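So the structure is just underneath, and the comments pick up after that.
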There are 2 protein chains.
Amino acid sequence: MPSAIKSGKSGSRGEPEKTRAAILKAALEEFSYEGVAGARTDEIARRAGVNKALLYYYFKDKEGLYAAALEQVFSGLRERVMAVLERTDLPPREKLLLYVRTHFDYIASAPVYPRLVQREFMRSAGRALSPAASKVMERHGKPLYNRLEKLMNEGIASGDFRRVDPIHTVTSIIGTIVFYFISMPAQQLMHAGDPSSPERIAQRRAAVLDFICAAILTPAARDACKP
Amino acid sequence: MPSAIKSGKSGSRGEPEKTRAAILKAALEEFSYEGVAGARTDEIARRAGVNKALLYYYFKDKEGLYAAALEQVFSGLRERVMAVLERTDLPPREKLLLYVRTHFDYIASAPVYPRLVQREFMRSAGRALSPAASKVMERHGKPLYNRLEKLMNEGIASGDFRRVDPIHTVTSIIGTIVFYFISMPAQQLMHAGDPSSPERIAQRRAAVLDFICAAILTPAARDACKP
DNA sequence: GGCATTTAATTAACTGGTTATTTAATTATC
DNA sequence: GATAATTAAATAACCAGTTAATTAAATGCC
């Protein structure tokens, strides 16, 4: 048996990349449910199926692990969404729609993400915010926000969009995309069935697009949209 | 000196109701910033200006204190919003607008609230949700949601509202109202100045109303709205 | 191509500080 | 003097981070 899946006990066996990734994934889940303070390193290690000391071997400490988790989520989002926002071949209306779909689909691909992000958004309002968080926001959040504001202005200029306040409108758009996912337990309680089922997600996706289109597009632009 | 503000050292002095309220207020703040796990009982006691043991005297334990905080926030919201939603003298369009204003203003009156609620919404998605939370949601969240859905249906029937999906639309509305407040640190980073200043809040309020009106009202109903 | 040596990956068990919770005494008020 | 409110100090869980040992692969050397 040459390479293949070897499952030894300890020492310098199987790909360390996989171990690292497993830890990160477990951390992502745990942090998203319980927050940094609530997450237990023991539990993260257990879920990742590794010894706790490895968390400290790969990521300096709990906060480092948290920073890595944040970074992963944000960089993934930024990469995908930016690819859309930087296109020059789309008129504002199309670009907005594609953006919404892309953002929505990214979140839907791992509903753990928006909770992690939201937690960070809420941490320390009014107080100083964690260095890890501001770095991530600076690197990934800001460019995104700026591009979206630019898109708003372009759409207004072209007559595709109503004369809205660009800044607040961006906030409302993101809120609409995200809110369903960060309040799933409430959804679950309110309406029977699993809010994370593919059918429900598809329904939500359509509703989000409809809501945002109606809110932003001018009647003229809207007519040229769905039919 | 009979009653008045006496500030003795210990024993059975001043109104216990005030002590209780002070603890609850401090807890509210602390929980909203740090979450249940992150909040420190020492800090809560310090902020309330009382001995830590009093937390346990009035509220059994940390979780009990948390439940009480949740209850207070939710019951306040429900009381105000329900008063609007149960009115029979308003057509759907007016009722929707008044609801949005009322919900927004309640939150704006204490930006600590939505963070507390959001934290709870995110806790344990997929897992079993805390008994305290489901009790509160059952008692206060559900009636609210149901009334809002009813309002949607009435508005669609009357021709005030577009033919939207009532359930998802309610979610989008709440998301739009709430999102600004639960992502204030992000707002702060993105745009200079204090996002919680009265002027900014007023701007946000106008933007929320505009966004929701455009998203939901039919062109005819919208014309009869702002002018 | 076999042996010694280094290096990377992993673990079980421990430590030390933090923090929720209790206890028992103390003070006021009726 | 009983009862309710309050405190200082003790206790007991808990949990992030460490340590020192162990294993496996990689590297060099003859």
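None of the values given here were measured: they were computed from a predicted structure. Labels below follow one simple rule: chain letters A, B, ... track the order of the sequence lines, proteins then strands, and each chain is numbered from 1.
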TODO: State whether B:Arg20 and B:Glu17 are salt-bridged, where the test is any N-O pair (Lys NZ or Arg NE/NH1/NH2 against Asp/Glu carboxylate O) under 4.0 Å.
DONE: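 B:Glu17 and B:Arg20: not salt-bridged.
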Task: Presence of salt bridge, A:Arg200 and A:Asp194, under 4.0 angstrom - done: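 Judged by the 4.0 Å cut-off on N to carboxylate O distance, A:Asp194 and A:Arg200 do not form a salt bridge.
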TODO: Name the closest nucleotide to the B:Val50 side chain, picking from D:dT7, C:dA20, D:dT18.
DONE: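 Nucleotide nearest to B:Val50's side chain: D:dT7.
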Specify the separation, in whole Å, of atom [atom1] of [X] and atom [atom2] of [N].
X: B:Tyr56; N: D:dA4; atom1: OH; atom2: C1'; value: 21 Å
X: B:Leu54; N: D:dT7; atom1: CG; atom2: P; value: 5 Å
X: B:Ile44; N: C:dT21; atom1: CD1; atom2: P; value: 10 Å
X: A:Tyr57; N: D:dT22; atom1: OH; atom2: P; value: 18 Å
X: A:Glu43; N: D:dC14; atom1: CD; atom2: P; value: 14 Å
X: B:Leu55; N: D:dA5; atom1: CG; atom2: P; value: 15 Å

TODO: Would you please confirm or rule out a distance under 4.0 Å between OP1 or OP2 of D:dT6 and any side-chain N or O of B:Thr19?
DONE: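 Yes, such a contact exists.
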Can you confirm if the aromatic rings of [Y] and [X] lie within a centre distance of less than 6.0 Å?
X: B:His168; Y: A:Tyr180; value: yes
X: A:Tyr106; Y: A:Tyr113; value: yes
X: B:Phe104; Y: B:Phe181; value: yes

TODO: Over all heavy atoms of both residues, which pair between B:Thr176 and A:Ser172 is shortest? Give the atoms and the distance, please.
DONE: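 Between these two residues, the closest heavy atoms are CG2-OG, 3.8 Å.
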For nucleotides 12-14 of chain C, list the nitrogen or oxygen atoms of the protein found under 3.5 Å from its nitrogen or oxygen atoms, one pair per line.
from   : atom 1 : to      : atom 2 : distance (Å)
C:dA12 : OP2    : A:Asn51 : ND2    : 3.4
C:dA12 : N7     : A:Asn51 : ND2    : 3.1

- [ ] Remember a base hit wins even if backbone is also touched, and classify A:Tyr58 as base, sugar-phosphate or nothing at under 4.0 Å, heavy atoms.
- [x]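 Sugar-phosphate only.
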- [ ] Give every residue pair that meets the ring-ring contact (aromatic ring centres under 6.0 Å, His included) criterion with at least one member in residues 62-85 of chain A, sequence neighbours excluded.
- [x]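 For residues 62-85 of chain A: A:Phe31-A:Tyr66.
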Task: Check: A:Met122 and B:Tyr33 side chains under 4.5 Å, non-hydrogen atoms - done: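 Contact flag for B:Tyr33/A:Met122 side chains = no.
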Task: Sole candidate of B:Arg40, B:Arg46, B:Arg47, B:Arg115 that passes salt bridge (charged side-chain N to carboxylate O under 4.0 Å, His left out) when paired with B:Glu30 - done: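 In the set B:Arg40, B:Arg46, B:Arg47, B:Arg115, the residue that makes a salt bridge (charged side-chain N to carboxylate O under 4.0 Å, His left out) with B:Glu30 is B:Arg47.
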Can you check nucleotides 16-19 of chain C for protein contacts, nitrogen or oxygen pairs under 3.5 Å, and list what you find?
from   : atom 1 : to      : atom 2 : distance (Å)
C:dT19 : OP1    : B:Arg40 : NE     : 3.0

